[in-house]
Amino acid sequence: MDPTHDNRTTAQRPTPAVNRRDWLKLAVGGGAGLALGGALDVKAVRAASRELKLANISEFTTSCNFCSCGCGMVAAVREGKLVSLEGDFDHVVNRGSLCAKGMSMFPTHASPQRLQTPRYRAAGSDRWVDITWDDAVDRIAKKIKTIRDTTWIATERIGDADVPANRTDAFAFMGGAQNTNEECYLFQKAMRLLGTVTVEHQARL
Ligand code: SF4
């Protein structure tokens, strides 16, 4: 029908089909039209949105917790709530970039599935129970002590002689790229005192 001779009201006319490409054209054209017509001060809007984005924000640096590469991140917090996580451009490991896992870390922060306390499953039990951090540390310390005592190698036979060994081969320690030099120094000291010679870095696995 010739649209100039269409006597139907708007309500009577069929809704024109708008596909995705048409919709994008309309949206972009409409935005540009508003801006060109002076109805929108683009610079002011950009400045205001940047100001709004940064208002009452405090930032701190942290590391991605997905793998042990130790990529640095900047976390932004507003009123005690995490509002964004992004790669840290000043970090020596990743220079601001994050892999797909690091990019998707933000939702894990408030996930109801996130564990916030240590859990323990007793031998023979079919369920885990929440325990306190103190309890977890005590259990781990006791286990390490028992393993160390029961596997201690005081001497080793070399040739015809028993020579002092003073070590255990029953456990090992593994660090990662998140650890600082100072932490690594302390880890080495602690592990040598405990008697293990097996200290590794995750990047070698
Ligand atoms: S961003 Fe990717 S590579 Fe870096 S620590 Fe996280 S998971 Fe590992």
Side-chain angles (χ1 to χ4, degrees), residues 24 46-122 125-145 147-148 167-205:
L24 278 172
R46 280 205 185 123
S49 65
R50 191 171 303 133
E51 201 170 301
L52 196 63
K53 198 178 161 198
L54 297 176
N56 304 320
I57 287 281
S58 56
E59 289 186 331
F60 65 90
T61 53
T62 183
S63 322
C64 173
N65 61 13
F66 269 119
C67 84
S68 301
C69 286
C71 294
M73 302 178 106
V74 178
V77 173
R78 179 185 281 135
E79 291 168 7
K81 289 210 171 110
L82 186 67
V83 291
S84 88
L85 268 178
E86 50 196 39
D88 181 356
F89 283 88
D90 294 327
H91 199 278
V92 67
V93 170
N94 56 319
R95 296 286 182 215
S97 63
L98 296 171
C99 77
K101 287 180 289 175
M103 295 274 286
S104 57
M105 196 170 101
F106 183 80
T108 67
H109 169 71
S111 167
Q113 291 181 309
R114 180 181 169 193
L115 291 181
Q116 301 202 16
T117 56
R119 307 192 96 194
Y120 173 70
R121 194 178 71 176
S125 170
D126 64 349
R127 66 201 62 218
W128 294 88
V129 290
D130 288 352
I131 57 173
T132 64
W133 287 100
D134 283 347
D135 194 4
V137 170
D138 276 354
R139 284 172 184 278
I140 293 167
K142 279 181 192 149
K143 210 151 217 174
I144 290 175
K145 173 87 169 65
I147 292 170
R148 181 181 187 266
R167 69 164 201 279
T168 171
D169 293 335
F171 59 84
F173 179 87
M174 188 166 72
Q178 275 114 335
N179 306 133
T180 62
N181 284 348
E182 292 77 8
E183 286 167 341
C184 290
Y185 178 84
L186 292 173
F187 293 154
Q188 282 284 1
K189 284 276 181 200
M191 290 307 112
R192 301 309 179 203
L193 281 169
L194 281 171
T196 183
V197 291
T198 316
V199 177
E200 256 303 355
H201 185 281
Q202 94 9 264
R204 278 163 44 92
L205 298 181

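As the structure lists them, so they are numbered: ligands from 1, and atoms in each ligand from 1. Computed from a prediction, not measured in an experiment: that's the story for all the values here.
- Look at D135 and R139 and you find a salt bridge, because one of the NZ, NE, NH1 or NH2 atoms lies within 4.0 Å of a carboxylate O, short of that distance.
- For the atom pair CG (D88) and OG1 (T61), the distance works out to 6.5 Å, reported to the nearest 0.5 Å.
- For R95, there are no salt bridge (charged side-chain N to carboxylate O under 4.0 Å, His left out) partners, not counting sequence neighbours.
- C71 SG to N65 CG: the interatomic distance, rounded to the nearest 0.5 Å, is 11.5 Å.
- Every residue was checked against the side-chain hydrogen bond (donor to acceptor under 3.5 Å, both in side chains) condition with T196, not counting sequence neighbours, and none meets it.
- Every residue two or more places apart in sequence or in another chain that forms a side chain to side chain contact (heavy atoms under 4.5 Å, CB included) with L82 is listed here: A75, V77, L85, F106, H109.
- Below the 2.8 Å limit, atom 8 (Fe) of ligand 1 has as protein N, O or S neighbours C67 SG.
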